Each structure stands twice: as C-alpha cells, then as structure tokens.
Amino acid sequence: MNIYFSGVGGVGIGPLVEIALDAGNTVAGSDLASSPLTDQLRDRGVAVHVGQQDAANIAARHASRPIDLFVYTSALPADHPELVFARRHSIPTVKRDQLLERIIREKGLKLVAVAGTHGKTTTTALLIWSLKQLGVTASYSVGSTLSFGPSGMFDSAAEYFIYECDEYDRNFLAFYPYLSVITSLDYDHPDTYKNEHVYKDAFIQFMGQSTRTILWEKDVRYLRQPDIAATYEAYDESMDLSRFTLPGLHNRQNAFLVERSVQKLLEGAGTTLPPPQIKHLTSILNSFPGTGRRFEKLADNLYSDYGHHPSEIAATLQLARELSDHVVLVYQPHQNVRQHEILTLYENCMQAAEAIYWLPTYLSREDPALEVLTPKQLIGGLTNSEAAHTADMNEALWEVIQTARRGGKLVLCMGAGSIDTWVRQRLAATK
C-alpha cells in the first residue's frame with residue numbers, strides 16, 4: 001500500500017509512519033517544520049516534504065504513484081489543502097487512530113494501551129524498555145524520541161502492541177485493549193470534552209472497553225465510580241516505592257505500574273516471575289534512559305520538558321528539586337482555551353521554582369472569540385507570584401538562562417509549543 005501522512009513530525013503520526021514502513025508499506029509525507037521525528041524518518045529513507053503544505057507535494061506524489069491512503073491527525077482542519085486534494089481525488093482518508101486500530105486488528109496483536117492525563121509517554125517508554133531488556137518481542141508506538149530504538153516499530157513476530165493511547169479527540173475510544181494502564185487523571189482537553197464530567201465518562205468507557213485495567217486508587221476516586229463496570233486493579237498511591245531509584249515521585253509511580261503490567265503480561269503467557277526475576281525487573285526499570293522532551297537533559301544545568309498542565313509542572317519541579325536546590329523555570333503555556341480552564345490550578349504548582357519566566361501562550365486550535373489571557377493575568381494567581389517575571393523568547397531571556405546555568409542553577413524549560421525548538425537552536429548556536 002502507498003500511504004501519505006500529513007504531519008509526519010507529530011508525536012502521534014511520526015511513530016505510525018515507522019510502523020507502516022515496518023509493515024511493508026510505501027510511505028511519504030509532509031510537515032510544516034523539521035523536528036527530531038522528521039529527521040528520524042529521513043534517516044530511514046522516508047520522503048518527507050518540509051514547508052508549506054499546499055497541494056503541490058501530494059499532487060506530485062500521487063502523479064508518480066497513486067496514493068492508496070491518506071492519514072491525518074485530528075488537528076488537521078477540514079480545509080487543509082492536502083486533505084482537500086485527497087478527497088477530491090477519491091483517495092481514502094483515515095485518522096491516525098483508525099489506521100493503527102486496523103493494523104492491530106489485522107495482525108491479531110494484543111494491545112497494551114497506556115492512557116491518562118499525565119505520564120503516558122514515559123510510562124509507555126518504560127514498558128517498551130522493560131520488555132526489550134527481558135527479551136520479549138513487542139511492536140509499539142510512543143509519542144517521543146527514544147535513545148534505545150525508533151519511536152514506532154512493527155515486528156511480525158510480536159504478540160503485543162504497546163501504545164501511548166491519547167484521549168485527545170477521543171482517539172483512545174477507537175481501541176479495545178487486552179491490558180490498559182491509566183497513569184494519572186486530571187481534567188484536560190476542554191476543546192474535546194466540554195466539561196470534567198464528560199472527560200471522566202470517556203475514561204470510564206475506555207476502561208469498559210479494556211479486558212483489564214491497572215491504575216491508582218486515587219484515579220478510581222477521581223472518577224467517582226468505585227463500582228465501574230470493568231475489570232481493574234487499583235493500587236494505593238502512598239505505598240512504599242523506595243526500591244525504585246528513578247528521580248521524581250511520578251516516575252517511581254510510573255515504574256510501579258509498569259512492573260505490575262509486565263508481570264500481568266507474563267502471567268497471561270503462562271510465566272510467573274520468581275522473586276529474583278522480579279528484582280531483576282526492578283533493576284531494569286531503574287536503568288531506564290528516559291525519552292526526548294521528558295525532563296531531557298540538553299546540556300549541563302539545562303533541561304527540556306513537554307509538561308503544560310499544573311499537575312505535570314508540579315511533578316517535574318519536584319523531580320528537579322531532587323537534583324538541585326536552585327531551580328529556574330522557563331514556562332510556555334499551551335493553548336489559550338486550555339488556559340481558561342486551568343487558570344485557577346496554577347496557584348501552588350510552581351512553588352518549587354525560585355524564579356519563573358513566563359512566556360506568552362503558544363496558540364493552537366483556538367476559539368477566536370475567546371480572550372487571549374496574558375502572562376500577567378496567568379501569573380496573578382500564583383502563591384509565589386513575586387518570583388515570576390514575564391518574558392519573551394529573545395536574547396535577554398537566553399542571557400538569563402545562561403547566567404543561571406553558570407551560577408550552578410538548574411534551568412527547566414517547559415511547554416508543548418515552540419520553547420523546546422528555540423532552546424535547542426540557541427544552544428546549538430553557542431557551540
């Protein structure tokens with residue numbers, strides 16, 4: 001099959017391109033800008049067009065060899081030139097989750113889905129890492145770059161498919177997992193879920209579609225459904241996790257969920273891990289090398305993180321404080337519509353930072369009728385607002401970052417928008 005992907009540098013589409021390639025398809029695609037994922041795909045010989053996504057590139061591809069399928073993300077507008085071209089030329093179109101669901105079903109794979117508001121990427125990567133180290137063959141898709149393999153991989157010998165199962169646009173409801181892992185829950189994606197009740201209902205439905213679910217008791221309480229019509233195992237979040245040495249409480253909690261998940265998968269295959277092997281699994285988890293954009297070390301005293309929800313910010317700052325008593329946060333909020341929903345949640349989430357540099361909100365998929373909240377408006381509700389400063393991505397901010405690093409402080413740059421690219425570009429320019 002000849003497949004064209006729009007948005008190949010996206011965290012959802014990029015790994016899927018690699019999976020389609022592994023499964024024997026011919027693939028090509030486009031994106032507005034280069035990224036680590038587009039570079040990764042080019043290294044594998046994928047034709048990636050970067051720049052204006054008009055109809056010219058897809059038309060040229062279709063003329064040289066007819067495109068059998070056009071794959072796109074939920075974020076693609078209905079009038080996008082590539083999508084319009086595909087429909088006008090009767091090219092079948094599917095969203096990314098539909099293609100993945102088809103591959104999993106046709107190949108007869110058991111889906112292990114990692115869902116939740118926070119921690120999906122790291123937990124998925126931890127699971128992939130653990131199975132690799134144990135010699136268990138698995139296909140997978142994760143929304144970040146990995147140091148120990150591609151972001152997406154299909155192996156015809158695999159029994160399992162490990163998937164970072166995103167709730168945005170209700171993507172995760174397209175799947176019926178063999179095992180689901182729910183990492184942590186908070187209301188998010190107000191552009192998809194009009195209120196928190198609807199958000200919770202979606203996760204309850206997801207659990208009902210799963211053969212078995214592993215999660216924390218606090219998240220069962222959050223759903224306010226202790227009698228959920230689903231098979232699940234819930235664990236006390238206050239348990240002793242001292243056997244895990246990963247920095248950050250949330251990472252140690254994620255490691256526990258992965259440990260239990262691996263045990264369940266092996267039990268399902270008729271293998272029960274004896275205590276020495278369980279200890280070995282713990283060591284494997286503690287040796288996890290991390291992923292791109294999740295407290296990723298870019299240079300001495302400089303880290304990048306994808307977090308953009310108050311709970312994620314607080315958790316990552318807690319991790320940072322385990323490494324340094326002096327943490328400087330550079331924060332770029334993501335989506336104005338989201339800021340209106342989480343404004344009051346910022347109150348205490350940044351107390352672990354001794355200084356905060358707050359950037360304008362990165363705008364994406366916005367309601368044009370909604371007032372764009374300014375950095376000053378967003379900072380106003382912080383309990384430590386005296387530590388916060390408004391900032392822009394410019395030379396002055398870069399000098400602040402460099403001065404803090406030279407002073408031995410840990411600088412954490414957070415956000416799901418353009419902050420990571422800007423920091424990497426500035427860092428490269430100084431080398």
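What you see is a predicted model; the values in this text were computed from it and never measured.
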S.K.: Strictly below 4.0 Å, N to O, side chains only: are Glu399 and Arg426 in salt-bridge contact?
M.R.: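 Between Arg426 and Glu399 there is no salt bridge, as every charged N stays at least 4.0 Å from the carboxylate O atoms.
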
S.K.: Would you tell me whether Asn57 and Tyr4 have side-chain atoms, one donor and one acceptor, within less than 3.5 Å of each other?
M.R.: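 There is such a pair between these side chains.
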
S.K.: Give, for atom CD1 of Ile182 and atom CG of Asp219, the distance between the pair rounded to the nearest 0.5 Å.
M.R.: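 One gets 7.5 Å once the value is rounded to the nearest 0.5 Å.
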
S.K.: Within a reach of under 6.0 Å around OH of Tyr187, are more than 12 heavy atoms found that belong to other residues, nucleotides or ligands?
M.R.: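 Count over threshold, so yes.
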
S.K.: Working to the nearest 0.5 angstrom, can you tell me the gap between Thr282 OG1 and Asn286 CG?
M.R.: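 Between Thr282 OG1 and Asn286 CG, I get 7.0 Å after rounding to 0.5 Å.
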
S.K.: Would you please test Leu378 and Leu343 for side-chain contact (heavy atoms from CB on, under 4.5 Å) and show each step?
M.R.: CA-CA 6 Å; Leu378 294 168; Leu343 176 60; 3.5 Å; yes

S.K.: Are Arg424 and Glu296 ion-paired here, with the side-chain N under 4.0 Å from a carboxylate O?
M.R.: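 Yes.
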
S.K.: Is there a side-chain contact between Leu16 and Phe5 in this structure, where contact means two heavy atoms from C-beta onward sitting under 4.5 Å apart?
M.R.: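 The answer is yes, as the side chains (C-beta and beyond) meet within the 4.5 Å cut-off.
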
S.K.: Please set out all donor-acceptor pairs under 3.5 angstrom arising from side-chain atoms of residues 150-161, sequence neighbours excluded.
M.R.:
unit_1, atom_1, unit_2, atom_2, d
Ser151, OG, Gln40, NE2, 3.2
Ser151, OG, Ser144, O, 2.6
Asp155, OD1, Ala157, N, 2.8
Glu159, OE2, Lys110, NZ, 2.9
Tyr160, OH, Leu265, O, 3.2

S.K.: Tyr168 ring centre to Arg365 NZ or CZ under 6.0 Å, with the angle to the axis within 45°?
M.R.: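 Yes, Arg365 lies over the aromatic ring of Tyr168.
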
S.K.: Closer than 4.0 angstrom, basic N to acidic O: yes or no for Asp420 and Arg293?
M.R.: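 A salt bridge is present here (some side-chain N lies under 4.0 Å from a carboxylate O).
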
S.K.: Quick check on side chain to side chain contact (heavy atoms under 4.5 Å, CB included): which of Val71, Leu76, Leu83, Leu69 does Thr93 satisfy it with?
M.R.: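 It is Leu83, the one option of Val71, Leu76, Leu83, Leu69 that forms the side chain to side chain contact (heavy atoms under 4.5 Å, CB included) with Thr93.
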
S.K.: Give the intermediate values and the outcome of side chain to side chain donor-acceptor pair (under 3.5 Å) for residues Gln318 and Arg321.
M.R.: CA-CA 5 Å; Gln318 183 274 327; Arg321 283 298 299 272; over 6 Å; no

S.K.: I would like to know whether Gln339 and Thr361 meet side chain to side chain donor-acceptor pair (under 3.5 Å); could you show each step before the answer?
M.R.: CA-CA 8 Å; Gln339 301 315 302; Thr361 299; 5.0 Å; no

S.K.: Stepwise, does the side chain to side chain donor-acceptor pair (under 3.5 Å) test hold for Tyr232 with Arg212?
M.R.: CA-CA 5 Å; Tyr232 66 90; Arg212 171 177 287 168; over 6 Å; no

S.K.: Identify whether the distance between the nearest side-chain nitrogen and carboxylate oxygen of Glu322 and Arg252 falls below 4.0 Å.
M.R.: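 Yes, Glu322 and Arg252 are salt-bridged.
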
S.K.: Between Ala47 and Arg61, what is the shortest heavy-atom contact and its length?
M.R.: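 Of all heavy-atom pairs spanning Ala47 and Arg61, the closest is CB-NH1, 3.6 Å.
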
S.K.: If you take the centroid of each ring, where Trp contributes its six-membered ring, are Tyr357 and Tyr331 closer together than 6.0 Å?
M.R.: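 No, they do not, as the ring centres are separated by 6.0 Å or more.
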
S.K.: Less than 4.0 angstrom from a charged side-chain N to a carboxylate O is my criterion; do Lys95 and Glu101 meet it?
M.R.: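 Salt bridge flag = no for Glu101 with Lys95.
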
S.K.: Within this structure, what is the CG-CG distance for the pair Asn301 and Leu412, rounded to the nearest 0.5 Å?
M.R.: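 Asn301 CG to Leu412 CG: 12.0 Å, rounded to 0.5 Å.
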
S.K.: Quick one: do Phe244 and Leu285 satisfy side-chain contact (heavy atoms from CB on, under 4.5 Å)? Show the steps, please.
M.R.: CA-CA 8 Å; Phe244 299 110; Leu285 289 164; 3.8 Å; yes

S.K.: Kindly state whether the ring of Phe256 and the ring of Trp216 have centres lying under 6.0 angstrom apart.
M.R.: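 Distance test on ring centres: under 6.0 Å, yes.
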
S.K.: Are the charged groups of Arg44 and Asp39 less than 4.0 angstrom apart, N to O?
M.R.: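 So Arg44 does not pair with Asp39 through a salt bridge.
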
S.K.: Below 30° counts as parallel, above 60° as perpendicular, anything between as tilted: where do the rings of Phe206 and Phe172 land?
M.R.: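 Judged by the thresholds at 30° and 60°, the geometry between Phe206 and Phe172 is parallel.
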
S.K.: Go through the steps for Phe70 and His89 under the test side-chain contact (heavy atoms from CB on, under 4.5 Å), then give the verdict.
M.R.: CA-CA 11 Å; Phe70 177 86; His89 290 78; over 6 Å; no

S.K.: Please tell me whether His309 and His118 form a close aromatic pair, meaning their ring centres lie under 6.0 Å apart.
M.R.: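 Yes, ring centres under 6.0 Å apart.
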
S.K.: Looking at Trp358 versus Tyr346, is the centre-to-centre ring distance below 6.0 Å?
M.R.: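 Between Tyr346 and Trp358, which both carry aromatic rings, the centre distance is below 6.0 Å.
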
S.K.: If you take all heavy atoms of Asp97 and Asn171, which pair is closest and at what distance?
M.R.: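 In this case the closest contact between Asp97 and Asn171 is OD1-OD1, 3.0 Å.
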
S.K.: Apply side chain to side chain donor-acceptor pair (under 3.5 Å) to residues Asp201 and His197 and explain how you reach the verdict.
M.R.: CA-CA 6 Å; Asp201 281 348; His197 180 74; 3.2 Å; yes

S.K.: Whether Glu312 and Arg294 form a salt bridge (side-chain N of Lys/Arg under 4.0 Å from carboxylate O of Asp/Glu) is what I want to check.
M.R.: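 Here Arg294 does not pair with Glu312 in a salt bridge, since their nearest N and O are not under 4.0 Å apart.
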
S.K.: Out of curiosity, Asp392 CG to Trp422 CH2, how far, rounded to the nearest 0.5 Å?
M.R.: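 Rounded to the nearest 0.5 Å, the CG-CH2 separation comes to 9.5 Å.
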
S.K.: Let me see the working for Asp31 and Ile13 under side-chain contact (heavy atoms from CB on, under 4.5 Å), right down to the final yes or no.
M.R.: CA-CA 10 Å; Asp31 213 316; Ile13 288 285; over 6 Å; no

S.K.: Between SG of Cys165 and CG of Leu100, what distance do you get to the nearest 0.5 Å?
M.R.: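 Interatomic distance, Cys165 SG to Leu100 CG, rounded to 0.5 Å: 8.5 Å.
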
